[in-house]
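Here is the structure we will look at, set down as structure tokens.
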Amino acid sequence: MARRRPGLLKRFRRMSGVGLMATAVLYGLWYYQERTYWEQMSWMGTPRAEVWYDWKTINRTLRNDGFLTGWSDLRANPLWTVYRLDRVNHPAIGDRPGHFSDDWRTLWPVTSDDYTGSGYDRGHQAPNYAIAAVYGRQAQLDTFQMSNISPQSPDLNRRVWQRLEEVVIDQFAARFGTVWVTTGPIFDDPIKRMSSFIEIPDAFYKIVVAPGSGDAPPRMIAFIVPQDVHGDEPLDRFLVSVDDIEARTGFNFFSELSDDMAEQLESGVDTRGWGLEKVARQPARF
DNA sequence: TTTGATGT
């Protein structure tokens with residue numbers, strides 16, 4: 001009696017085993033390469049969720065020209081944005097593109113129309129001007145992807161936030177040569193969403209790091225700005241410690257710092273060396 | 001030279 005040839009199912013299993021292995025290898029190579037980019041595009045690591053299985057902080061890293069985004073499919077917001085800014089002597093940037101573009105990587109479709117009539121601005125997280133000034137046109141266009149946008153009240157977006165971003169590029173980057181910025185929304189309970197599912201933040205944080213060099217130690221300055229600002233408040237009113245932001249967001253920032261350095265840099269508010277008092281009351285442009 | 005919305 002002749003032996004039966006291997007059954008279809010068995011042959012399929014054998015072939016798919018090879019396919020799976022090839023897929024795993026390719027994914028591994030891709031992931032390794034991505035991790036290398038993330039390392040280069042952040043300072044002391046990208047933000048890490050304190051509790052990895054909490055839906056509120058789960059996010060995927062999206063790599064853009066000039067900045068990284070930690071996208072949350074469940075909040076339909078970028079939970080964090082990380083970028084390096086360098087001193088630019090004579091910045092000349094391109095025009096605003098005039099529309100915000102969909103980002104297929106969001107999976108859940110998030111479009112500019114979702115914001116229309118909501119009362120909220122489409123608030124850049126990685127900023128248009130500073131990113132364009134440092135990284136050029138393609139990076140500028142990348143900031144107009146909807147994956148870089150969070151709902152911001154007009155008085156926040158056009159006034160306090162505009163002033164803060166102006167200070168970061170014009171004062172801090174100019175003063176230190178290079179700064180690293182981490183910024184994003186803060187969500188308190190209860191959950192509030194626009195009619196389009198996009199969650200509405202209660203506040204926004206921004207952490208600026210001057211990395212130091214040689215004998216100069218790193219410095220950090222951090223802010224939390226609530227949605228319901230008036231607009232002309234002095235910026236130093238919003239100063240907080242990085243620990244405050246970690247407690248309110250559930251992220252661990254700069255996780256590659258030693259415990260000693262983290263304690264030293266993140267537990268308090270120390271504005272010495274930033275020249276903030278000179279620019280804290282600068283008026284908004286709009 | 002830095003933020004946006006709206007209507008056509």
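Naming: A, B, ... by sequence-line order, numbering from 1 per chain.
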Within the distance-only criterion (no hydrogens, no angle test), does the side chain of A:Glu233 pair as donor or acceptor with the backbone N or O of A:Gly231 below 3.5 angstrom?
yes
Distance to the ring centre below 6.0 angstrom and angle to the axis at most 45 degrees; does that hold for A:Arg193 and A:Phe197?
yes
Determine, stepwise, if the pair A:Thr23 / A:Leu26 fulfils side-chain contact (heavy atoms from CB on, under 4.5 Å).
CA-CA 5 Å; A:Thr23 304; A:Leu26 288 173; 5.9 Å; no
Tell me whether the OP1 or OP2 atom of B:dG4 has a side-chain N or O from A:His124 closer than 4.0 Å.
yes
For A:Phe100 and A:Ile169, find the nucleotide of DNA chain B closest to each by heavy atoms; which residue's nucleotide sits nearer the 5' end?
A:Ile169
Rounded to the nearest angstrom, tell me the gap between atom CZ in A:Arg96 and atom P in B:dA5.
8 Å
Between A:Leu235 (CG) and B:dT2 (P), how many Å, whole number?
18 Å
Going by modelled atom types, is there a donor-acceptor pair between the base of B:dT2 and the side chain of A:Asp170 at under 3.5 Å?
yes
Need one value for A:Arg159: base, sugar-phosphate or nothing, where a base atom within 4.0 Å counts as base even if backbone is also close, heavy atoms only.
nothing
Taking atom types as they are modelled, would you say the side chain of A:Arg285 forms a donor-acceptor pair with the base of B:dT3 within the 3.5 Å cutoff?
no
Does A:Asn157 put a side-chain nitrogen or oxygen below 4.0 Å from OP1 or OP2 of B:dT3?
no
By nearest-heavy-atom nucleotide on DNA chain B, the more 5' of A:Ala92 and A:Gly117 is A:Ala92
From the list A:Arg159, A:Gln152, A:Arg158, side-chain contact (heavy atoms from CB on, under 4.5 Å) with A:Asp155 holds only for A:Arg159
